[in-house]
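In each ligand, atom 1 is the first atom listed, and ligand 1 is the first ligand listed.
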Amino acid sequence: MNIRRLVTFRCELAEGPLWDPDSATIYWVDILGKAVWRADAGGDNPRKWDLPAHVGAMALRRNGGAVVALATGFFSLDFATGRCHVLAEPAAGQTRTRFNDGKVDRRGRLLAGSMDYGEHDPLGALYRLDADFGCTRLMDGFTIFNAPCWSPDGGTFYYADSARGTLFAADYDLKSGTISRSRIFVGPDVAPGAPDGATVDAEGCVWSARWGAGRVVRFTPDGRIDRTIEVPAKKTTSIAFGGPDMDWIYITSMKDPALPDDPADPESGSVYLVTGAGIKGIPEPRFAG
Ligand code: BGC
Ligand code: CA
């Protein structure tokens, strides 16, 4: 197994790595840097799109371009012009929250959730954006919503509240895009660090970026630790599979805040590429609208 930095520069808050099999490129967002990035699989030819606001998540659309979850809602992003247009703005006017993470379900709907900028109060909510841009609030009470991802059959939804240190699992009705029977999947203190972004591999195991602990952890579907990959940057934020055979792993990280036990954290904000881990992921569906 080999791990190296994907690109030489660091982001403020790199997040949401997303492999696009069609173009064989890797996208990610810089939430606080207000940007979408794209690079070749091995990190060459990085390209940046500047956005008008903090960007918590991005999904590619079936008919081209992207949907971005900016601070207050969902916007289209035209890669040719770099322009954003509002699709649905459920948190219009709210200044204490921003969108923080999102992913597309196996039927092409985008689920994205928000967080309290102060990381203190349960002001965040989870929303679903349908192909017709109808927007529904599915859950609330999150301090830091994170880690949305689905089991390979799409019937189990995983998500986290990082402030509670907990990963949850819930039943997901693919027909209606609704959530029921939420339960604790991995509680606090099972693995070091707080649960940040996550993804599910082709064997149904859940990979969780462990914020503050410089690692990603693979959990079996019954919530046991199966494997750990250590990362030089301590504030590990998210993870995605990609590459030519879907067996490369992209891991993002963030710069601030300084951690008491590792204030320098010199590589924080880097994006990493792991090869040779021997596990395949599942390509992310595109947003259906
Ligand atoms: C958020 C950060 C937060 C971190 C904590 C990230 O997803 O974007 O602002 O500090 O989660 O786990
Ligand atoms: Ca995150």
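Counting heavy atoms closer than 4.0 Å to ligand 1, residue Arg98 contributes side-chain atoms (C-beta onward) but none from N, CA, C or O. Contact annotation for Glu15 and ligand 1: only side-chain heavy atoms (C-beta onward) come within less than 4.0 Å of the ligand.
No donor-acceptor pair closer than 3.5 Å links the side chain of Asp161 to the backbone N or O of Phe145.
Using a 4.0 Å cutoff on heavy atoms, Asp101 does not count as a contact of ligand 1. Put simply, no part of His54 is less than 4.0 Å from ligand 1, judged by heavy atoms. Ligand 1 lies less than 4.0 angstrom from a heavy atom belonging to Met115. Between Asp196 and ligand 1 there is a heavy-atom distance shorter than 4.0 Å.
Phe142 has its ring centre no less than 6.0 Å from the ring centre of Phe168. Aromatic rings from Phe9 and Trp37 are positioned such that their centres are separated by under 6.0 Å.
Residue contact annotation: Ser238 places no N/O/S atom under 3.0 Å from the Ca ion (ligand 2). Look at Glu15 and the Ca ion (ligand 2): an N/O/S atom of the residue is under 3.0 Å from the metal.
The Ca ion (ligand 2) lies closest to atom OD1 when only the N/O/S atoms of Asp196 are considered.
When hydrogens are left out, the protein atom nearest atom 3 (C) of ligand 1 is Glu119 OE2, 3.1 Å; that is the closest non-hydrogen contact.
Residues Phe219 and Leu167 come closest through the heavy atom pair CE1-CD1, 4.2 Å.
Interatomic distance, Asp121 CG to Thr97 OG1, rounded to the nearest 0.5 Å: 11.5 Å.
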